[in-house]
Amino acid sequence: MLKLGIIGCGTMGKAHAASTKDSPYMKVSAVCDVFPEAAEALAASVGAAAYTNVQEMLDHEPLDAVIIATPDGLHAEPFITCCKAKKAIMLEKPFATDPEDGRRMLEAMHENGNLVQMAHLFHFLPFYINMKNAAS
Ligand SMILES: NC(=O)c1ccc[n+]([C@@H]2O[C@H](COP(=O)([O-])OP(=O)(O)OC[C@H]3O[C@@H](n4cnc5c(N)ncnc54)[C@H](O)[C@@H]3O)[C@@H](O)[C@H]2O)c1
């Protein structure tokens with residue numbers, strides 16, 4: 001069973017956690033949010049450990065992968081921290097909102113050889129698939 005960590009316990013963090021609830025392949029083992037109440041509420045709903053600091057979570061939990069669902073302008077620091085910890089990462093879109101952040105993130109990812117997937121979920125919505133098919 002894959003051990004998953006979720007960073008950012010807002011709308012998308014909760015949605016990702018809910019989507020794994022009945023999975024035979026993965027379990028949310030730990031969640032992290034700078035607001036303790038947010039981390040504790042999501043942790044309680046999925047039976048995970050709650051953290052308020054990404055590095056602390058990575059130091060204490062043997063996670064296989066993380067989902068990063070922090071606000072748009074706050075992807076860089078958790079992403080780079082997780083890269084250095086050699087985690088597989090699913091990062092919510094957009095990759096970065098600042099070019100310098102983007103450069104630092106790519107550098108960390110290439111240096112550490114992480115498996116990274118962007119969460120461009122709309123690619124899978126029938127409305128967008130139909131639009132793409134109609135245009136091609
Ligand atoms: N893929 C999609 O379809 C889709 C849809 C909506 C939003 N998003 C993206 O998902 C991301 C999250 O959006 P949201 O609506 O869930 O935001 P949100 O504001 O509801 O939640 C973000 C959470 O991250 C926490 N946070 C901030 N910095 C943190 C840090 N350093 N460590 C831990 N937690 C931290 C905040 O306290 C907050 O609880 C955004 O980048 C957004 O663009 C993607």
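When a ligand or atom number is given, it counts from 1 through the structure's own listing order.
Met26 is not listed as a side-chain neighbour of Lys3, based on a closest heavy-atom distance of 4.5 Å or more. With contacts defined as side-chain heavy-atom distances shorter than 4.5 Å, the pair His75/Phe95 does not qualify. Considering only heavy atoms from C-beta on, Lys14 stays 4.5 Å or farther from Ile6 through its side chain.
Within ligand 1, the atoms closer than 4.0 Å to a non-hydrogen atom of Phe122 are 3 (O), numbered from 1 in the order shown. The ligand atoms of ligand 1 that sit less than 4.0 angstrom from a heavy atom of Ala119 are 1 (N). Short contacts between ligand 1 and Gly8, defined as distances under 4.0 Å to a heavy atom of the residue, involve ligand atoms 23 (C), 24 (O), 25 (C), 34 (N). For ligand 1, the atoms lying closer than 4.0 Å to a non-hydrogen atom of Thr11 are 15 (O), 16 (O), 20 (O). The distance from ligand 1 to the heavy atoms of Phe35 drops below 4.0 Å at these ligand atoms: 37 (O). The contact set between ligand 1 and Cys32, taken as ligand atoms under 4.0 Å from a residue heavy atom, comprises 33 (C), 34 (N). Set against the non-hydrogen atoms of Ile7, the atoms of ligand 1 under 4.0 Å away are 32 (N), 33 (C).
Looking at atom 5 (C) of ligand 1, its nearest protein heavy atom turns out to be Met12 SD, 3.5 Å. From the protein, the heavy atom lying nearest to atom 38 (C) of ligand 1 is Asp33 OD2, 3.4 Å. Among all non-hydrogen protein atoms, the one lying nearest atom 21 (O) of ligand 1 is Gly10 CA, 3.3 Å. Scanning the protein for heavy atoms near atom 41 (O) of ligand 1, the closest one is Asp72 OD1, 2.7 Å. The protein atom (non-hydrogen) at minimum distance from atom 31 (N) of ligand 1 is Val34 CG1, 4.0 Å. Closest to atom 10 (O) of ligand 1 among all protein heavy atoms lies Glu92 CG, 3.2 Å. Scanning the protein for heavy atoms near atom 27 (C) of ligand 1, the closest one is Pro71 CD, 3.5 Å. Regarding atom 22 (C) of ligand 1, its nearest protein heavy-atom neighbour is Ala69 O, 3.5 Å.
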Donor-acceptor pairs under 3.5 angstrom involving side-chain atoms of residues 77-87: please list them, not counting sequence neighbours.
unit_1: Glu77; atom_1: OE2; unit_2: Arg104; atom_2: NH1; d: 3.4
unit_1: Glu77; atom_1: OE2; unit_2: Arg104; atom_2: NH2; d: 2.7
unit_1: Thr81; atom_1: OG1; unit_2: Glu77; atom_2: O; d: 2.8
unit_1: Lys86; atom_1: NZ; unit_2: Asn112; atom_2: OD1; d: 3.0
unit_1: Lys87; atom_1: NZ; unit_2: Leu63; atom_2: O; d: 2.7

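Side chain of Lys27 to backbone of Val46: a donor-acceptor contact under 3.5 angstrom is found.
Proximity of Glu77 to ligand 1, defined as any heavy-atom pair under 4.0 Å, is not found for any part of the residue.
No chain of hydrophobic side-chain contacts below 4.5 Å, direct or via other Ile, Leu, Val, Met, Phe, Trp or Tyr residues, connects Leu42 to Phe35. Grouping the Ile, Leu, Val, Met, Phe, Trp and Tyr side chains by contacts below 4.5 angstrom, directly or via other members, places Val28 apart from Leu91. With hydrophobic clusters built from ILVMFWY side chains whose heavy atoms lie under 4.5 angstrom apart, Leu4 does not share a cluster with Ile68. Connection of Phe122 to Met131 is established within a shared hydrophobic cluster, with ILVMFWY side chains joined at heavy-atom distances below 4.5 Å, either directly or through further cluster members.
For atom 28 (N) of ligand 1, the nearest non-hydrogen atom from the set Thr70, Asn53, Leu121 belongs to Thr70.
Shown are Glu61, His60, Glu56; of these, the side-chain hydrogen bond (donor to acceptor under 3.5 Å, both in side chains) with Tyr51 is made only by Glu61.
No heavy atom of His120 sits closer than 4.0 Å to any atom of ligand 1.
Separation of atoms CE (Met109) and CG (Leu115) is listed at 9.5 Å; rounding is to 0.5 Å.
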